[in-house]
> 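Would you mind keeping the following structure in view while I ask a few things?
Just the heavy atoms: all of them, side chains too, but no hydrogens, waters or symmetry mates, feed the values below. Note that the structure is a prediction, hence the values are computed from the model and not measured.
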Amino acid sequence: MFAVDEASRALGIELLEAGDGRAVARMRVTESMVNGHAIAHGGYVFLLADTAFACACNSRGPVTVASGAEISFVAAGKLGDELVATAEERTRYGRNGIYDVTVRRGDTVLAEFRGRSRVIAERQSQ
């Protein structure tokens, strides 16, 4: 799935690991990602977390999409920061799942994201 995710790859997001309901993705904050307050725009932080979430919930095989998500911003990212999002499955029930994603700069937590997933097909057709 990530190999054909043009939106994430165009922003320089790298998938570091994915499998068994877990994924880790990395992104460097570039000039085009900084807002008028000279901090990382929250939309880009959300996008990184959402990418890790998508990779985690699709790591088991069935085609899975987000049914909802929310994010809490804890600290600001800055130009040049390397952000790492770690997604972990909390539970799956029927065709649904809940995943938590923590976005960090080093040891500093920048955001906490919770995503809800829904399986829509048994596997991706290519």
Side-chain angles (χ1 to χ4, degrees):
M1 181 204 74
F2 185 78
V4 294
D5 181 349
E6 291 298 325
S8 297
R9 290 182 33 237
L11 293 172
I13 295 176
E14 301 171 81
L15 181 61
L16 303 179
E17 70 177 77
D20 296 325
R22 178 177 158 78
V24 180
R26 174 174 58 201
M27 176 184 80
R28 183 161 308 277
V29 178
T30 65
E31 286 184 19
S32 65
M33 298 175 184
V34 176
N35 67 21
H37 297 296
I39 59 175
H41 189 290
Y44 289 105
V45 176
F46 187 98
L47 192 145
L48 173 63
D50 189 51
T51 296
F53 161 56
C55 291
C57 65
N58 279 280
S59 67
R60 297 192 185 277
V63 177
T64 306
V65 297
S67 63
E70 62 184 43
I71 193 165
S72 296
F73 299 107
V74 178
K78 296 189 175 18
L79 178 64
D81 283 353
E82 181 178 89
L83 308 183
V84 176
T86 303
E88 296 179 328
E89 180 181 274
R90 294 297 174 224
T91 189
R92 288 186 301 153
Y93 52 102
R95 293 173 34 204
N96 305 293
I98 298 173
Y99 294 77
D100 286 337
V101 184
T102 301
V103 179
R104 290 184 173 86
R105 174 190 57 232
D107 293 332
T108 302
V109 173
L110 299 187
E112 292 288 350
F113 170 109
R114 173 156 278 189
R116 295 174 306 281
S117 67
R118 179 83 171 166
V119 172
I120 61 168
E122 285 306 310
R123 66 185 144 146
Q124 181 109 15
S125 59
Q126 306 254 351

> Can you hop from V84 to F73 via hydrophobic side chains spaced under 4.5 Å?
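Unlinked, V84 and F73 end up in two clusters.
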> Indicate yes or no: at least one non-hydrogen side-chain atom of L47 is less than 4.5 angstrom from one of I13.
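Yes, at least one pair of side-chain atoms sits under 4.5 Å.
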> Just grab all the side chain to side chain donor-acceptor pair (under 3.5 Å) pairs involving residues 109-118, residues at least two apart or on different chains.
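Sorted pair list: N96-R118, D100-R114, T102-E112.
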> Under 4.5 Å between side-chain heavy atoms, hopping through other hydrophobics if needed: is there a path connecting M27 to M1?
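No, separate clusters.
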> Run the numbers on V119 and R92 for side-chain contact (heavy atoms from CB on, under 4.5 Å), then give the verdict.
CA-CA 10 Å; V119 172; R92 288 186 301 153; over 6 Å; no
> For the pair R28 (side chain) and G80 (backbone), establish whether a donor and an acceptor sit closer than 3.5 Å, ignoring hydrogens and angles.
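Yes; at least one donor-acceptor contact below 3.5 Å.
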> Are F46 and L15 in one and the same hydrophobic cluster, where Ile, Leu, Val, Met, Phe, Trp and Tyr link if side-chain heavy atoms are under 4.5 Å apart?
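Yes; tracing contacts between hydrophobic side chains, which count when under 4.5 Å, links both residues.
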> Of all heavy-atom pairs between A56 and A87, which one has the smallest distance, and what is that distance?
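That closest heavy-atom pairing would be CB-CB, 3.8 Å.
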> When hydrophobic residues are tied together by side-chain contacts of less than 4.5 Å, even through go-betweens, does L11 share a cluster with L79?
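L11 clusters together with L79.
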> Side-chain heavy atoms nearer than 4.5 Å, only ILVMFWY residues, links allowed to pass through others: does that put I39 and L110 together?
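No; tracing contacts between hydrophobic side chains, which count when under 4.5 Å, never links both residues.
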> Show me the donor-acceptor pairs, under 3.5 Å and distance only, between side chains in residues 16-25 and residues at least two apart or in other chains.
from	atom 1	to	atom 2	distance (Å)
E17	OE2	R22	NE	3.1
R22	NH1	E88	OE2	2.9

> Which pairs with one or both residues in residues 62-71 pass side chain to side chain donor-acceptor pair (under 3.5 Å), sequence neighbours excluded?
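Pairs touching residues 62-71 that pass the test: none.
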> Taking the hydrophobic residues Ile, Leu, Val, Met, Phe, Trp and Tyr, and joining any pair whose side-chain heavy atoms are under 4.5 Å apart, which ones share a cluster with Y93?
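Via sub-4.5 Å side-chain contacts, Y93 links to I98.
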> The criterion is ring-ring contact (aromatic ring centres under 6.0 Å, His included); which residues satisfy it with Y99, sequence neighbours excluded?
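Here the qualifying residues are F53.
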> Can you tell me which residue pairs pass the side chain to side chain donor-acceptor pair (under 3.5 Å) test with a partner in residues 31-49, sequence neighbours excluded?
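Output for this query lists T30-S32.
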